[in-house]
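Step one of this worksheet: look at the structure below.
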Number of protein chains: 2
Amino acid sequence: MYSGLHRAPRLSGERGQRAVKRSLDRKTKIALEPRKQPRQQRSSKVVDRILDAALILTREQGTKTPTTLAIAQRAGLSVGSVYQYFPNKEAILLELGRRWLSSFPEVIAKRIKVAPPTNREEFRREVRKLFTDTSRIYLDNATLMPVIEAISGNADLRPIQDEYDKEIIALYAAWLRHANPALEEKTAKRLGLVMMEVGHACRLVGLKRDRKTYDLIEDDVEAMWLALVTPYLNLD
Amino acid sequence: MYSGLHRAPRLSGERGQRAVKRSLDRKTKIALEPRKQPRQQRSSKVVDRILDAALILTREQGTKTPTTLAIAQRAGLSVGSVYQYFPNKEAILLELGRRWLSSFPEVIAKRIKVAPPTNREEFRREVRKLFTDTSRIYLDNATLMPVIEAISGNADLRPIQDEYDKEIIALYAAWLRHANPALEEKTAKRLGLVMMEVGHACRLVGLKRDRKTYDLIEDDVEAMWLALVTPYLNLD
DNA sequence: GACAAACGCGAATAAACAGTCGCATTCTTT
DNA sequence: AAAGAATGCGACTGTTTATTCGCGTTTGTC
C-alpha cells in the first residue's frame, strides 16, 4: 500500500479520484517542487518568511519538525498561504536544506581541479585545504544544522539526503584517486564514506559546543583524516 | 505547556483529573518503567513477544517506530494487552535499547581495571583491546541498530540516550587518564567524545554493509583512534 | 477605475494514532 | 470446583495534524 508523504484527506465521489491521482504524482517526482513561482513581489517575501519561520521553529524545538500551523503563524500567515508555495510540509524543510546539501559537491569538486600532489608534504597541504573548505560549510551554515538533523530523521526526506550523500562519497573517492590514480575504486569509496561520516559526526557535535572546542575537534578530525588516508597513497 | 510523552485523551469530569495527575507522574519519573511485573508464566512470554514484534517491525520500517496496533497484532495480541506491561509506546523501544545502552559502560570500565600501559607498544595493544571489545558490542547487537537509531530520532527518548552517552564519554575519558594521569580532564572529555562519535558513526554504516567491508572500516577506525589519542600520551 | 489574476484566509475534512475501560477468559489457589 | 486474581480483549475516545477549497482582498495592467 501507498504510504506517501502526507495524510491527504480522502474526499468522497469524484474528488476522491483527484486526490488519489495527485498523491501518485507526488510520489513519483514533483512532490517536493515548489507549487508555484511567486509572481508578485509581496509573495516572494512571503516565501522567505515561511522559510525563516520554519528555520527558527526547528531550532527552537530541537530536531522536531514544526507543524504547518506553527510555521504559518510564526510567519504571520494562514496555513492556506503556506500551501500556495509549498506542496507539503517536507518541501519546506528540504528547501532549507538544499543549499547546504548542494554546496558540498561544489566545494569538493573544486579541490579535484588542482594539480595532484607529488609528495607527502604537498598531500598534507591538500588534505588541509579540503578539510578547511568543508569545515567552512559547517561554520557558515551552523544555524541550519537542526534542519539537517530533522531531514535525516524524517523517513520521507531521508532518501533524498542519501542521494546527496552518495554524491559526496563519490567525490571524496574521486579526490583520493586524483591524488593516487592507482587506488582501487572500491577502497576509495570506502575511505570517502568514512571521511564523510567522521567529518559529519564530529562537526555536528562540535557546533553544539563553544567555538574553541569546535576548533580543537577540527584538529582532531584533521589528524584522523590524515591517518586514515595516508597509508593508501604511495607517496615518498 | 506540558507536551509529554503521549497524547493521553483528556476525559471529562473527575476522570479528567485522574488523567492529568497520571500524566504528571509519568513526566517526572515512572513514565518508562514497566507498568507491572508479570506474575503468571504466560504473561512473561507475552512481554517477550511484544519486544520481538517491536524489534522486527522497527527493522522492517527503517527507523520509524511502529504503531501500538502494529506491535500488538504482530505479537498476536490486542493493544490493551500491550498496555498491561508497558506504560506507553516509547517504553517498549527503550526496553529494547537498554541492554545495549548499558553494556557499553561495563565493557569500557573493564578496560580501566588493568595496569596502565608504560610504553607505546603496550598502549597500542590497549587501544586495540578497547577497540575490539566495543566493536563486539555492535556486532553482537547488529539487529538492534535500527532501534538505536529510532531511539536517537525520538524526541522523548533522546534525553535518556544522552545520559548514557555522557556516561560513555566519561568512561572513555577515564580510560585515557588511566593511561596518562597528567592528561587534562577537559581534553580527555573531548577526546572521549570524538572517540565515541567516530566509533558510533562508522560502525553504524559499517553494519549496513557486508561483513568484509565492516572489518575494513573497523581497521580504519582503529587507525583513526590511534592517531587521535597517541599525541596526548607522553610515552616514549 | 475596472477587470482578471494572484494572493491570502481559516473553517472544515479526514486520516492516523495513543491510550482507556469495562467486560470476557484463563489461571491459581484452596 | 469455586472464588478471586491476573490476563486478554478491542471498540471507543480524544487529540493532533496535514491538506483542501471556496470566498474575500489586493495587486498589476490596460
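Note that this is a predicted model, so its numbers are computed, not measured. Each chain gets a letter, A, B and so on, in the order its sequence line appears, and its residues count up from 1.
Nucleotide D:dT20 holds its C1' atom 17 Å from the NZ atom of A:Lys89, rounded to whole Å. D:dG10 atom P lies 17 Å from atom CD1 of B:Ile71, rounded to whole Å. Between the CD1 atom of B:Ile92 and the C1' atom of C:dC17 there is a distance of 14 Å, given to the nearest Å. Atom-to-atom, CG of A:Leu69 to P of D:dT16 comes out at 12 Å; the value is rounded to the nearest Å. C:dA16 atom C1' lies 13 Å from atom CD of B:Gln61, rounded to whole Å. A straight line from CG of B:Leu157 to P of C:dA18 spans 14 Å, rounded to a whole angstrom. What separates CD of B:Gln84 from C1' of C:dT20 is a distance of 11 Å, to the nearest Å. Rounding to whole angstrom units, CZ of residue B:Phe86 and C1' of C:dA18 are separated by 16 Å.
Of the side-chain N and O atoms in B:Ser81, one or more sit less than 4.0 angstrom from OP1 or OP2 of D:dC9. B:Tyr83 has no side-chain polar atom (N or O) that falls below the 4.0 Å cut-off from OP1 or OP2 of D:dC9.
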Would you be so kind as to tabulate the donor-acceptor pairs closer than 3.5 Å made by side chains of residues 163-172 of chain B, with sequence neighbours excluded?
none

May I have the step-by-step check of side-chain contact (heavy atoms from CB on, under 4.5 Å) for A:Lys89 and A:Leu93, ending in yes or no?
CA-CA 7 Å; A:Lys89 208 181 62 162; A:Leu93 273 196; over 6 Å; no
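With sequence neighbours left out, the salt bridge (Lys or Arg N to Asp or Glu O under 4.0 Å) criterion links B:Asp133 to B:Arg111.
Between B:Lys110 and B:Glu106 there is no salt bridge, since no side-chain nitrogen of the basic residue lies less than 4.0 Å from a carboxylate oxygen of the acidic one.
Out of D:dC9, D:dA18, C:dC9, the shortest distance to the side chain of A:Thr67 is found at D:dA18. Listed nucleotides C:dA18, D:dA18, D:dG8 differ in distance to A:Thr68; the shortest reach to its side chain belongs to D:dA18. Nearest nucleotide to the side chain of A:Val79, out of C:dC9, C:dA18, C:dG10: C:dG10.
Between A:Ala150 and A:Thr63, the shortest heavy-atom contact is CB-O, 3.3 Å.
Nearest-nucleotide positions on DNA chain D place A:Pro66 closer to the 5' end than the other of A:Gly80 and A:Pro66.
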